[in-house]
Chemist: 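My questions all concern the structure below.
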Amino acid sequence: MSNAEQNQDYTSGEMMTVTAARALENGTTCFVGIGLPSEAANLARLTHAPDVVLIYESGTVQTRPKVLPLSIGDGELCETALTTVSVPEMFRYWLQGGKINVGFLGTAQIDRYCNLNTTLVGDYTSPKVRLPGGGGAPEIATNAGEVFITLKHSTRTFVDKVDFITTMGFGRDGKGREGVPNIGKGPTRVITDLCVMKPDPVTKELVVVSLHPGVTAEQVQEATGWEIRFAETLKSTSEPSAHELEVLRELKERTARAHTGQ
Amino acid sequence: MSNAEQNQDYTSGEMMTVTAARALENGTTCFVGIGLPSEAANLARLTHAPDVVLIYESGTVQTRPKVLPLSIGDGELCETALTTVSVPEMFRYWLQGGKINVGFLGTAQIDRYCNLNTTLVGDYTSPKVRLPGGGGAPEIATNAGEVFITLKHSTRTFVDKVDFITTMGFGRDGKGREGVPNIGKGPTRVITDLCVMKPDPVTKELVVVSLHPGVTAEQVQEATGWEIRFAETLKSTSEPSAHELEVLRELKERTARAHTGQ
Amino acid sequence: MANVLSLQEAVAMYVQDGATVCMEGFTHLIPFSAGHEVIRQKKRDLTLIRMTPDLVYDQLIGAGCAKKVIFSWGGNPGVGSLHRLRDAVEKGWPHQVEILEHSHAAMACAFEAGAAGLPLAVLRGYVGSELPNVNDQIKFIECPFTSERLAAVPSVRPDVSIVHAQKADRAGNVLVEGIVGVQKEAVLAAKHSIVTVEEIVDDLDTHPNACVIPGWAIDAIAVSEKGSLPSYAHGYYPRNNSFYKEWDAIARDRDAFTQWINDNVMQAGGNVG
Amino acid sequence: MANVLSLQEAVAMYVQDGATVCMEGFTHLIPFSAGHEVIRQKKRDLTLIRMTPDLVYDQLIGAGCAKKVIFSWGGNPGVGSLHRLRDAVEKGWPHQVEILEHSHAAMACAFEAGAAGLPLAVLRGYVGSELPNVNDQIKFIECPFTSERLAAVPSVRPDVSIVHAQKADRAGNVLVEGIVGVQKEAVLAAKHSIVTVEEIVDDLDTHPNACVIPGWAIDAIAVSEKGSLPSYAHGYYPRNNSFYKEWDAIARDRDAFTQWINDNVMQAGGNVG
C-alpha cells in the first residue's frame, strides 16, 4: 500500500477505481474486461455515466449488473442485458464491426509503449510463470476506438520490456499502428493506484500526467521498471467524492455477499 | 397437356409433383426451392415422409406449412418452423456447413449436363428475356449432398446449350465437379411432367430412366432440345395413388383459398 | 444514438442523391413506406442493394431513383418478373440501369462481412457458375491451410440502410422477430441507418437472445404503421399476397405504373398495398 | 438423428482415445458431468479445444486425458490460474501437454468458420501481437479487393463436440438460452456431437428466433440434471462461484487434486460442485 492512503479515508485501490471510472464518459460504448475494468465501468454506470453501454465478451450487450460478475459470463450479465448474442457475433459484429468506443483492459505486464503481456513470465517454451493468455484483449486493443488500461503499479507489472507482447499497445518501437488501416487509436490512458499516464502524442511513450493525492513522482518511478517520463505540468488527480466511495463500497459489498452466498 | 392424361383421372402436372415428392425419402433434410419443388416437398411431408425436414432459404428450419407459401418467406413458414435463423446463418451454417442432404430446385432452362439457367435468354449485355437470376441455386447445387430438379418438359426449357450457366450441374463438358473438394454429388434426378431422368454415372449426360404412364419416348424427344438418351430398360413411372392425389388437391385448394382470401 | 424522426425527416437527412442505399427485409418486413418516401423526395442516382429487389425496388427503379442495382434474385416471388427492373435493363426506361448480380449465398455472406467490419466475404461459392464472367466483383482466393479455392466477394457497406421492424422502445432499441433475413447485418454494415417501426413501446418484452438492435447503433427511428405492406410484419399483419399478384399487371405497363405511383405514392402520405 | 443415450453410453460411443474433442459453454452451460464421464472412462491422448479451458479442462488435464490443449484464455475466471494446466505445461505433470493458443476473436471466428463448412476464418486480428510467433496456425492473407492484410486461422472441426443445454424435446431438438457462447457452432462444426440436457420436455415452448439445434444435427442426447455445475444453467440454477474459488486450493496441490478426482469423479456417478 502506498503512503498516500495513510491520511485519507479511501484506499489507493479505491482511488484507482474511481479515477478509471471517471475516464468513461456517459454514452460511451465500452467493451469491458473482467476484474478492475469491470469494477470501474460499473462504478461509472452507477455514478456519472448512467447511459454508458457495457458490453462483455460473453455476448451480453448493454448489461446492467447489480453485482460485479466474478466471471466474464456470470448469469447476472445476461439477465440484466438488453440482449445476449453469440460469442462469434460479439467479436465479429460488435468489436470488429467498429461499434466499440472504448476497450477497457487490465493486464499482468505493461511496458513504456503500452504493450500488454498476459501470456507468461520468462521464455515461451519454458515459462517461469504461465499466465492465462490473450482472451479478448489482442483484438479489443486494435478494433476498439481507443483503449483504457487499469492495473496496480509495481515493478512487477510496469516492466522495461514485456516478456511477450500478447496485445499490442504501440509495438516494441512505438510505431506498431503506423500505416495499419482500420485500426483504433490504441491506449489513450493508463490508470494505476498511483497515477494517470498517457502516451506521448508523437513517440507513444507513456508519460505520467497526473499523480494521485499524496503520491510523489519518486514513488511512481520506484514502482516503474524503466525511467518514466513526467509531464511538464503534472496535475493532481481529483479525490474520490463521498458519493463515488459510497456507491463503490456498496457495490463491492453486494458483490461479496452474492459470491459467498452459495 | 400431354396425351397421357386423357384417359386418366390426374393431370400431367399432378403426375410430376407426385413423382417428385416420392423422390424424397423420409428423414431427408431438404433445402426447398419455391414453386414446384416446394409443392413436391410438402406433398412428401404430408404423405410418405412425415419426418422430412424442410428448410427454406428465408431461414426457416424444419417448417411445416399448412398451405404452400407464395414467396420463399411467407409468414406461414416461420410460424410453423422449429426455429428461424438469419439468412447469413442459413447459407453459412446449414447449406455450406453440409447439413443438407437434398437441394430441390426448379429452373427456367436445363441442358444435357443439368446446368441450369435462371439468369436470361439471349446475350448477357442485351438479353431477350431477363430472368430473376441465381438466388440460392448456385450454392444449393454445389453444397447440398445431392440435387433434385423438377420442371415442365418443353423445348423451351430443355435446351441444347443453356444461354448462361447460373447454376452448375456438371459443367459444359460434364466434368465440372471433377477434382473439386467438398462438393456435393450434384443433380441425381430430374423429374418432369413426362418422365424421370438421371445423369449417366460416367458421362453425366441426362438419361431418361422412366416414362410416366401413357407418355412415349417420342413425346419426350419432341419436348427436348437435344437428342436425348434413353435407358436400355426403360421403366414406367408408378401412377399417383388416390391418397396422394387427394392430399395434393387439398393442399392446393387450401393454398388457393389462403392466397386470395385477403 | 437513435433520434425519433418523421419518415420524411429521416429520408431527407440520410438518403442523398448518388448514395449507396440498402433497404432490406427478406420477403418479411420490407420497408415499403420508406421506399415510397424516397420516391416522393425524388432521390436520384442511387445504387440500390438488396438480395431480392422485390416490388419495393421495382417501384424505385420505375420511378427513376436508381442508377445501379446490386441483387441476387430479381423476381416477383411466386408471381413472375419484376417488369420495371426488366424494362430498365432491357429497354432503358425510364433510363438505363446498371446491374451487378450475385448469388444469395454470396450476398448473405457479404452482408455478414460488412457487419463484421471485413472488406471481403469468403465462401464455397460460384463453383461452375458463369456469374463470375459477368461480375468482376467475384474473385477467388486460395486457402493458406488447405490450398482450396474459395470465392471472395466485397463486403456490403452501404451509405445508408433502411429496414422495418416490429417495435422500438423509448431508447430506440429495436426488436426484429420472425424471418430476420439480413436486416441486422444491413444496419450494422451501413454508415447510417433508418429503422421504421410499427410502434414505439415502453418495454420490448422480449427474451434473452432476441434479435434486438441497440438504439445507439441506429441513426433514426421513424414510426410507420403498416410500413411494410404489401410485405408483412410477423405478429402485426399478414403478407398481402393478392397485391403481389395484382402488381404484375400494374408494372407490366409504363402508363399504368406511372399512374399507380402518382396516385398511391406521390399523392399519398403513406404506404399502399 | 439424435439418440437418447445414457451419458456413459454416449461418451463410450463417440469419444475415442486420440480424438479431437471440444467441450464448449462460455462460462455458462459448461458440460462438467460429461467431462467427468470422460475422466471416468480414462480416455487418453485427447486434443482438447475450448476458448476458456476453465475447471473442466483443468480436471481433464490433471487426470491425464489430454495430449494437447487449444485455447484462448486459460485461467480460473475471477480467481487466478488453472494450476493443473500450468503444472502440465510448466512441469510436465502428469505428463507433458502441448498447447496451441489463440485470441478469443480468432477462436470465435474459427468456430464460426467450422460451422460454416469453411477451412479457414479471416479476421482483423493479431495486429502487433506476438502470438503468431508461437502459433504456426496463424497466417496472414491479402484481401483481393483492398490489399489489406488480414489474419487467417484454420477453422475448428472437432471429431466430437460436447455441450450442455437447458432442455431437449422428444425429437431431440435442443434449446440453448442465455449466454450461448459458441455452443451451436461447436455442435455444427463437429463430425459428431453429444448434448447433455437438464431435462427432456414435451414442448420446448420457445420463441421464433430462439437458439434451437435440431435433433437431426446432433448424434446423442443424454439427460444430466445439474450437468453443468459448478457452472450454471440459465433458468435452472446459478453459478457456484464459491466452488470456483475453492478449486484454487484443490488444484494447487497434486495430491489434493488426485484425492478430489478420486472422491468426486472416479467414485461418483454424477457431477460435483
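Predicted, not measured: the structure shown is a model, and the values here were computed from it. Naming: A, B, ... by sequence-line order, numbering from 1 per chain.
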Chemist: Measure across Gly181(C) and Pro88(B) and return the closest heavy-atom pair with its distance rounded to 0.1 Å.
Modeler: O-CD, 3.5 Å
Chemist: With the side chain counted from C-beta on, respond yes when Arg177(B) and Val127(C) share a heavy-atom pair under 4.5 Å apart, and no when they do not.
Modeler: no
Chemist: Out of Gly78(C), Gly128(C), Pro53(C), return the one with the most heavy atom pairs under 4.5 angstrom to chain B.
Modeler: Gly128(C)
Chemist: Above 12 or not: heavy atoms from other molecules or residues under 6.0 Å from CZ of Arg254(B)?
Modeler: yes
Chemist: Taking side chain as everything from C-beta outward and backbone as N, CA, C, O, which of these in Lys245(C) sits under 4.5 Å from a heavy atom of chain B? Side chain, backbone, both or neither.
Modeler: side chain
Chemist: Restricting to non-hydrogen atoms, name the atom on Thr119(B) and the atom on Glu101(C) that form the minimum distance, rounded to 0.1 Å.
Modeler: CG2-OE2, 3.6 Å
Chemist: Looking at CZ of Phe26(C) and OG1 of Thr60(B), how far apart are the two atoms once the value is rounded to the nearest 0.5 Å?
Modeler: 9.5 Å
Chemist: Counting only N and O atoms by type, is there a donor-acceptor contact under 3.5 Å from the side chain of Asp74(B) to the main-chain atoms of Arg239(C)?
Modeler: no
Chemist: What part of Tyr126(C) gets within 4.5 angstrom of chain B, counting heavy atoms only: side chain, backbone, both, or neither?
Modeler: both
Chemist: Taking side chain as everything from C-beta outward and backbone as N, CA, C, O, which of these in Leu70(B) sits under 4.5 Å from a heavy atom of chain C? Side chain, backbone, both or neither.
Modeler: both
Chemist: Could you pull out the closest heavy-atom pair between Glu90(C) and Val129(B), with the gap in Å?
Modeler: OE2-C, 3.9 Å
Chemist: Counting heavy-atom pairs under 4.5 Å to chain C, which of Ser58(B), Gly73(B), Pro132(B) comes out on top?
Modeler: Pro132(B)
Chemist: Going through the distances and angles, do Glu89(B) and Glu112(C) end up as a side-chain contact (heavy atoms from CB on, under 4.5 Å)?
Modeler: CA-CA 9 Å; Glu89(B) 178 177 327; Glu112(C) 202 272 348; over 6 Å; no
Chemist: So which part of Ile183(B) gets closer than 4.5 Å to some heavy atom of chain C, the side chain, the backbone, both or neither?
Modeler: side chain
Chemist: Is chain B contacted by the side chain of Leu123(C), its backbone, both, or neither, given a heavy-atom distance below 4.5 Å?
Modeler: both
Chemist: Would you call Thr84(B) and Val180(C) a side-chain contact if the rule is heavy atoms closer than 4.5 Å?
Modeler: no
Chemist: Check whether more than 12 heavy atoms from other residues, nucleotides or ligands sit under 6.0 Å from atom CZ of Arg149(C), and answer yes or no.
Modeler: no
Chemist: Excluding sequence neighbours, so at least two apart, what forms ring pair (Phe, Tyr, Trp, His ring centres under 6.0 Å) with Phe104(B)?
Modeler: Phe148(B)
Chemist: Rounded at 0.5 Å granularity, tell me how far CD in Glu139(B) sits from CZ in Arg124(C).
Modeler: 12.0 Å
Chemist: Just verifying a value: how many Å separate Ser71(B) OG and Ile179(C) CD1, rounded to the nearest 0.5 Å?
Modeler: 7.0 Å
Chemist: Heavy-atom pairs under 4.5 Å with chain C - which of Pro69(B), Gly136(B), Ser126(B) has more of them than the others?
Modeler: Gly136(B)
Chemist: Do Ser86(B) and Lys184(C) touch side chain to side chain, with heavy atoms closer than 4.5 Å?
Modeler: no
Chemist: Looking at Val176(C), Val134(C), Val182(C), which has the largest count of heavy-atom pairs under 4.5 Å with chain B?
Modeler: Val134(C)
Chemist: Considering only heavy atoms from C-beta outward, does the side chain of Tyr124(B) approach that of Asn133(C) to under 4.5 Å?
Modeler: no
Chemist: How far apart are the closest heavy atoms of Arg130(B) and Arg86(C), and which atoms are they?
Modeler: O-CD, 3.3 Å
Chemist: Any idea which heavy atoms bring Phe164(B) and Leu131(C) closest together, and the distance?
Modeler: CZ-N, 3.7 Å
Chemist: Using heavy-atom distances under 4.5 Å, tell me whether Pro138(B) contacts chain C through its side chain, its backbone, both, or neither.
Modeler: side chain
Chemist: Hey, are the side chains of Met107(C) and Phe91(B) touching, using non-hydrogen atoms and a 4.5 Å cut-off?
Modeler: no
Chemist: Show, in sequence, the C-alpha distance, side-chain angles and deciding distance for His28(C) and Cys78(B), and conclude whether the side-chain contact (heavy atoms from CB on, under 4.5 Å) test is met.
Modeler: CA-CA 10 Å; His28(C) 179 216; Cys78(B) 174; over 6 Å; no
